[in-house]
Amino acid sequence: MGKTYTDEELLSLCEDWQERLGLKHWGIGIRTCRAKDINVGGQAEISINLQMEQALISILDPVDYRGNDLFPQDQEVSLVHELLHILFEYVFPESPGRLEEIHLESSIERIARLLVKLKRT
């Protein structure tokens, strides 16, 4: 089951997940934005500044989600996915288009879905 949230709820979820993932000391902004404002064409994206320990997460506005009932949008999974990128960024710097990046994205997505599922049970 997919879930969508208000901006305030997303901020609260972000703070909760920062605590869970050991990222409480990070300054993380979160915003809902339209598809045209997300560069990767996906459900979310993150801009990370490792040196400043800051990040901005953009979550796709539900009005632009083009999924279906079989794959509903779940903004919490998207949020956790992007937060996990912070942890993995230290070890696996971004390498767009490479096979390693495809496998990393797939692994992060599986971990995000599992973590959210565990939290909800």
Side-chain angles (χ1 to χ4, degrees):
M1 167 178 33
K3 295 195 177 233
T4 58
Y5 302 90
T6 66
D7 286 344
E8 294 78 23
E9 290 170 327
L10 282 172
L11 183 58
S12 178
L13 279 173
C14 185
E15 291 169 356
D16 177 53
W17 280 104
Q18 281 181 255
E19 182 75 35
R20 291 170 185 265
L21 296 172
L23 296 170
K24 198 68 174 167
H25 62 287
W26 272 68
I28 299 177
I30 187 162
R31 67 181 182 154
T32 302
C33 62
R34 302 300 303 265
K36 65 180 177 52
D37 298 320
I38 294 184
N39 296 324
V40 295
Q43 294 187 42
E45 70 179 6
I46 188 168
S47 174
I48 301 171
N49 183 325
L50 288 175
Q51 292 75 24
M52 299 292 292
E53 294 187 327
Q54 297 174 338
L56 175 62
I57 298 173
S58 300
I59 304 284
L60 182 66
D61 189 312
V63 300
D64 287 336
Y65 182 68
R66 299 290 178 244
N68 56 46
D69 291 338
L70 187 57
F71 301 104
Q73 182 183 24
D74 191 321
Q75 291 179 322
E76 186 173 15
V77 170
S78 295
L79 171 64
V80 173
H81 177 112
E82 299 308 327
L83 289 171
L84 287 170
H85 271 289
I86 295 171
L87 297 176
F88 285 103
E89 187 71 19
Y90 288 104
V91 182
F92 304 107
E94 192 173 337
S95 55
R98 297 189 56 204
L99 186 57
E100 294 87 356
E101 180 76 11
I102 294 166
H103 287 296
L104 178 62
E105 280 296 320
S106 177
S107 297
I108 287 175
E109 184 65 15
R110 284 194 303 268
I111 294 167
R113 289 187 180 283
L114 174 64
L115 289 172
V116 172
K117 182 178 180 181
L118 288 170
K119 177 190 164 221
R120 290 178 181 167
T121 56

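Along the sequence shown, residues are numbered consecutively beginning with 1.
Looking at residues two or more places apart in sequence or on another chain, you find no salt bridge (Lys or Arg N to Asp or Glu O under 4.0 Å) involving Asp37. Applying the side chain to side chain contact (heavy atoms under 4.5 Å, CB included) criterion to Ser106, with sequence neighbours excluded, gives Arg110. The side chain to side chain donor-acceptor pair (under 3.5 Å) test applied to Glu109 returns His81, Arg113, not counting sequence neighbours. Every residue meeting the side chain to side chain contact (heavy atoms under 4.5 Å, CB included) condition with Leu87, not counting sequence neighbours, appears here in chain and number order: Leu21, Leu23, Leu84. Residues satisfying the side chain to side chain donor-acceptor pair (under 3.5 Å) test with Asp7, not counting sequence neighbours, are Thr32. Applying the side chain to side chain contact (heavy atoms under 4.5 Å, CB included) test to Asp64 and every residue at least two apart in sequence or in another chain returns Arg34, Ala35, Leu60, Arg66. When the salt bridge (Lys or Arg N to Asp or Glu O under 4.0 Å) test is applied to Glu76, the partners found at least two apart in sequence or on another chain are Lys119, Arg120.
Side chain of Gln18 to main chain of Trp26: a donor-acceptor pair is present (N/O by atom type, distance under 3.5 Å, no hydrogens or angles).
Between the OG atom of Ser47 and the NE2 atom of His85 there is a distance of 12.5 Å, given to the nearest 0.5 Å. A distance of 14.0 Å separates OH of Tyr5 from CG of Leu11, quoted to the nearest 0.5 Å. Going from atom CD1 of Ile30 over to atom CD of Glu9 covers 11.5 Å, rounded to the nearest 0.5 Å. With values rounded to the nearest 0.5 angstrom, Trp17 atom CH2 is found 8.5 Å from Leu79 atom CG.
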Run the side-chain donor-acceptor check on residues 51-59: report pairs under 3.5 Å with partners two or more places apart or on a different chain.
from: Glu53; atom 1: OE2; to: His25; atom 2: NE2; distance (Å): 3.4
from: Ser58; atom 1: OG; to: Arg31; atom 2: NE; distance (Å): 2.8
from: Ser58; atom 1: OG; to: Arg31; atom 2: NH2; distance (Å): 3.1

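Taking both residues in full, the closest heavy atoms of Ile38 and Cys33 are given as CG1-SG, 3.4 Å, listed atom of the first, atom of the second, then distance. Looking at every heavy atom in both residues, Thr121 comes nearest to Leu118 through OG1-O, 3.1 Å.
Note on Ile28 and Leu50: same hydrophobic cluster, where clusters join Ile, Leu, Val, Met, Phe, Trp and Tyr whose side-chain heavy atoms are under 4.5 Å apart, directly or indirectly.
Among residue pairs with one or both ends in residues 13-24, those qualifying as salt bridge (Lys or Arg N to Asp or Glu O under 4.0 Å) are Asp16-Arg20; sequence neighbours excluded.
Gln75 places a side-chain heavy atom less than 4.5 Å from the side chain of Pro62.
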